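Have a look at the structure below, then the notes.
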Amino acid sequence: MKAPVIVVQLVHIYGPLKGEIQEFSESTILIGRHPSCHVLFPKDVAIVSRRHAQIFREGNRFKLIDQSTNGTFVNGKKVKEAYLKDGDVLIFAEGGPKVSFLTKVVERQDEIKDTPLPGLPQKPEIAEVEKPSIAQAQSESNLAEEISIQEVQVPLIIQFGPTIRSFKKLPVTIGKNQDCDLSINHPAVLDRHARIFFSQNQYWIKDLTGQMLISINGQPVNFQGPLTPEDLVALTPQGPTFRFLNGGRLAEIEKSDSEERVNALQKKEETCPPDKHQEGYIKRAKSIINKFLS
């Protein structure tokens, strides 16, 4: 019996390749800074050895072998050899690049690359179809009652912090409640916060809060909205924020553009010399408040 084709997926969650998802069908995967490596890190990442580690297939299992100077960690434990399972987090040197290990089985070798999702139309060969603008997509999403949510066999991978969750069918419910398919412990996330589903040949997100807390590219989602590659999806104005990637993947990003602008403004205020009159006014106000409190 012919052995199944097992594809290794390495999801980069920290380091110079953060946000990338690499897929390999080779029996041996080399990792390091040497040009011959399959997972090639930049030369300036000195803590990663030129030939840092390798992952090779044994039957239907995969084994990690460390070949480095600074060590390799699996789920926080330093190892020389270890068998890997889906969801394991690998760190190449302490404080170095971090990836999540996943696998998937495909029937034929030619399905490994550019595997179309179920129900997704193939790219037209004659002419490209013009994509609707974000504003048009958001306005169409307001017609929520016309979209039925049904159970569909499509993949979804969500990276939140150091954890990776892989789902094979939708819809998937997200919230703080432990009964949700994906439980997220975040102060701004409600018990039943969002639902990811697949309809009309694309992925959608539905706001279950009733407060329009979810936004796509900074635009609040009235009820539900379509997801397209590179969309920034914020579950609340305070986060967490994800980037939607091709193939049904949501990868958390640390800071939104708005947060970066706020930090830039704060730094600017810190570097500007204070106004003397304003400083005097603040001192007097503090004095009055202290007297009131005492």
Side-chain angles (χ1 to χ4, degrees), residues 1-32 34-41 51-67 72 74-75 79 81-92 97-123 152-160 162-170 172 181-182 196 198 201-203 227 229-230 242-252:
M1 182 177 177
K2 188 176 181 181
V5 177
I6 303 179
V7 178
V8 171
Q9 294 179 316
L10 296 180
V11 183
H12 293 263
I13 54 181
Y14 178 78
L17 304 180
K18 181 180 177 180
E20 292 188 23
I21 300 178
Q22 296 179 302
E23 296 188 347
F24 305 97
S25 60
E26 290 84 355
S27 58
T28 301
I29 304 168
L30 304 179
I31 303 162
H34 191 273
S36 63
C37 291
H38 300 87
V39 181
L40 180 60
F41 290 108
R51 292 181 174 85
H52 195 97
Q54 63 173 304
I55 299 172
F56 69 93
R57 181 175 174 177
E58 285 187 354
N60 291 335
R61 296 199 297 174
F62 289 87
K63 189 175 186 179
L64 170 76
I65 297 181
D66 173 62
Q67 301 172 312
T72 302
V74 177
N75 300 325
V79 300
E81 295 184 1
Y83 285 100
L84 303 176
K85 61 182 183 299
D86 278 8
D88 281 347
V89 176
L90 317 180
I91 305 176
F92 305 111
K98 183 187 300 184
V99 304
S100 179
F101 175 86
L102 294 169
T103 59
K104 67 176 182 180
V105 179
V106 296
E107 294 181 0
R108 298 187 306 272
Q109 182 74 17
D110 56 4
E111 292 182 5
I112 294 173
K113 295 183 179 180
D114 302 326
T115 305
L117 296 177
L120 285 177
Q122 297 297 317
K123 185 177 179 181
V152 183
Q153 296 285 337
V154 293
L156 177 68
I157 299 174
I158 303 178
Q159 174 259 313
F160 176 67
T163 62
I164 298 283
R165 288 294 305 277
S166 180
F167 303 93
K168 295 182 179 180
K169 63 181 179 180
L170 298 182
V172 166
D181 299 303
L182 176 63
I196 308 292
F198 190 85
N201 295 329
Q202 70 180 123
Y203 290 86
L227 298 175
E230 299 304 318
F242 299 84
R243 186 182 300 278
F244 182 72
L245 304 171
N246 229 337
R249 299 175 174 100
L250 281 171
E252 185 190 12

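Values in this document were obtained by computation on a predicted structure and should not be read as measured data.
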Spatial distance of atom OG1 (Thr28) from atom CZ (Arg57) [nearest 0.5 Å]:
11.0 Å
How would you list, by chain and number, every residue that makes a salt bridge (charged side-chain N to carboxylate O under 4.0 Å, His left out) with Arg243, sequence neighbours excluded?
Glu230
Flag the pair Phe56 / Ile29 as yes when at least one side-chain heavy-atom distance between them is below 4.5 Å, and no otherwise.
no
Ile31 CD1 to Asp66 CG distance, which is reported to the nearest 0.5 Å:
10.0 Å
Can you find a heavy atom in the side chain of Cys37 that is under 4.5 Å from one in the side chain of His52?
no
Option from Val152, Leu156, Val172, Leu227 for which side chain to side chain contact (heavy atoms under 4.5 Å, CB included) with Phe198 holds:
Val152
Gap between atom CD1 of Ile158 and atom CD1 of Ile196 - 0.5 Å precision
6.0 Å
Would you check if Gln22 and Val99 make a side-chain contact, meaning some heavy-atom pair closer than 4.5 Å?
no
Can you tell which of Leu64, Leu30, Ile65 makes a side chain to side chain contact (heavy atoms under 4.5 Å, CB included) with Ile55?
Leu64
Indicate yes or no: at least one non-hydrogen side-chain atom of Arg165 is less than 4.5 angstrom from one of Asp181.
no
Can you measure from NE2 (His12) to CD (Glu20) and round to the nearest 0.5 angstrom?
6.0 Å
At their closest point, which heavy atom of Val89 faces which heavy atom of Lys98, and how far apart are they?
CG1-CG, 3.4 Å
Inter-residue atom distance Thr103.OG1 - Arg61.CZ, 0.5 Å rounding
13.0 Å
Is atom NZ of Lys169 surrounded by more than 12 heavy atoms (other residues, nucleotides or ligands) closer than 6.0 Å?
no
Report the C-alpha distance between Ser166 and Ile157 in whole Å, list the side-chain angles of each, state the deciding distance to 0.1 Å, and finish with yes or no for side chain to side chain contact (heavy atoms under 4.5 Å, CB included).
CA-CA 4 Å; Ser166 180; Ile157 299 174; 4.0 Å; yes
Just checking Phe167: does its CZ atom have more than 12 heavy atoms from other residues, nucleotides or ligands closer to it than 6.0 angstrom?
yes
Contact summary for Glu23 and Lys104, nearest pair of heavy atoms:
OE2-NZ, 3.4 Å
Would you please classify the geometry between the Phe160 ring and the Phe242 ring as parallel, tilted or perpendicular, with 30° and 60° separating the classes?
tilted
Which of parallel (below 30°), tilted (30 to 60°) and perpendicular (above 60°) describes Phe41 and Phe92?
tilted
Let me confirm one number: the CG-CG distance from Leu90 to Asn75, rounded to the nearest 0.5 Å.
7.5 Å
Run Val74 and Phe101 through side chain to side chain contact (heavy atoms under 4.5 Å, CB included) and show every step you take.
CA-CA 10 Å; Val74 177; Phe101 175 86; over 6 Å; no
